[in-house]
Amino acid sequence: FVGNSTYLDDHGPPPQKVLPFPSQVVYNRVGKCGSRTVVLLLRILSEKHGFNLVTSDIHNKTRLTKNEQMELIKNISTAEQPYLFTRHVHFLNFSRFGGDQPVYINIIRDPVNRFLSNYFFRRFGDWRGEQNHMIRTPSMRQEERYLDINVCILENYPECSNPRLFYIIPYFCGQHPRCR
């Protein structure tokens with residue numbers, strides 16, 4: 001060792017640790033967990049970083065028959081890569097049908113906050129300004145629509161006493177009936 005040289009003089013800067021971006025990603029949207037906001041962010045990111053954002057027009061069909069699973073897997077697998085596919089759908093096992101399993105991402109929400117979000121969404125819709133709550137709950141009477149959530153819980157209204165706590169599990173487990 002001669003002089004004032006440093007490790008960097010001999011070896012240069014350490015290499016950047018960059019994880020490879022997967023070319024096939026499925027964002028498996030769990031209801032009432034902020035997925036609409038995430039999709040808006042993904043739209044911006046797809047334009048900035050040049051990946052194909054594929055959003056499904058089907059929003060409320062999460063359980064699929066075997067044929068529907070095969071068809072969806074085929075449609076997802078043939079999307080232009082790199083892609084990020086997004087839909088509300090229970091986990092799909094691509095390898096079961098001979099396909100390459102894409103990277104899956106999910107976001108879930110605190111169960112109490114998720115329950116609150118669903119409660120108010122069913123009554124008043126969302127920020128899109130649509131009257132979608134009227135479409136989703138056409139038979140809801142005005143007094144039900146404005147029912148205080150505390151009264152709903154304390155007086156054991158069916159909507160508040162059976163909040164479908166395990167609804168999230170099939171998004172991670174899959175299409176098999178045992179996952180429900």
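Owing to the predicted nature of the structure, the values given are computational and were not obtained by experimental measurement.
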| field | Partner residues of Tyr104 under the ring pair (Phe, Tyr, Trp, His ring centres under 6.0 Å) criterion, sequence neighbours left out | value | Phe91

[Y] side chain reached by [X] side chain, heavy atoms, under 4.5 Å:
X	Y	answer
Met140	Arg122	yes
Gln24	Phe94	no
Asn28	Val89	yes
Leu72	Leu64	yes
Val26	Pro102	yes
Glu68	Arg63	no
Ile107	Val38	yes

| query | Got more than 12 heavy atoms from elsewhere within 6.0 Å of CG, Asp100? | reply | no

| request: Please check if atom NZ in Lys61 has more than 12 non-hydrogen atoms from other residues, nucleotides or ligands closer than 6.0 Å. | output: yes

| task | Indicate whether the side chain of Arg109 and that of Ser117 have a donor and an acceptor atom separated by less than 3.5 Å. | result | yes

| field | Exercise: do Ser95 and Asn93 side chains pair donor with acceptor under 3.5 Å | value | yes

So which heavy atom on [X] is nearest to which on [Y], and how close?
X	Y	value
Val103	Pro22	CG2-CB, 3.6 Å
Ser77	Tyr83	CA-OH, 4.1 Å
Tyr171	Thr62	OH-CG2, 3.3 Å
Gln69	Leu92	CG-CD2, 3.8 Å
Val30	Ser35	O-OG, 4.2 Å
Val39	Leu53	O-CD2, 4.2 Å

Return yes if some donor-acceptor pair links the side-chain N/O of [X] with the main-chain N/O of [Y] below 3.5 Å, else return no.
X	Y	value
Asn52	Glu80	yes
Gln175	His90	yes
Glu144	Arg141	yes
Thr78	Asn75	yes

Measuring from [X]:[atom1] to [Y]:[atom2], what's the distance to the nearest 0.5 Å?
X	Y	atom1	atom2	result
Glu159	Asn118	CD	CG	7.5 Å
Cys152	Leu147	SG	CG	5.0 Å
Ile149	Cys160	CD1	SG	5.5 Å
Thr55	Leu42	OG1	CG	10.5 Å
Ile169	Arg178	CD1	CZ	14.5 Å

| said: Holding to side-chain contact (heavy atoms from CB on, under 4.5 Å), I want the full list of residues that pass it with Phe172, two or more places apart in sequence or in another chain. | reply: Asn106, Ile108, Ile168

| remark: side chain to side chain donor-acceptor pair (under 3.5 Å) filter on Tyr27, not counting sequence neighbours, yields none

| Six-ring centre of Tyr119, Arg123 cation under 6.0 angstrom, axis tolerance 45° | yes

| Do Leu116 and Tyr157 belong together in a cluster built from hydrophobic side chains that touch within less than 4.5 Å? | yes

| Centroid-centroid under 6.0 Å between Tyr146 and Phe124 rings | yes

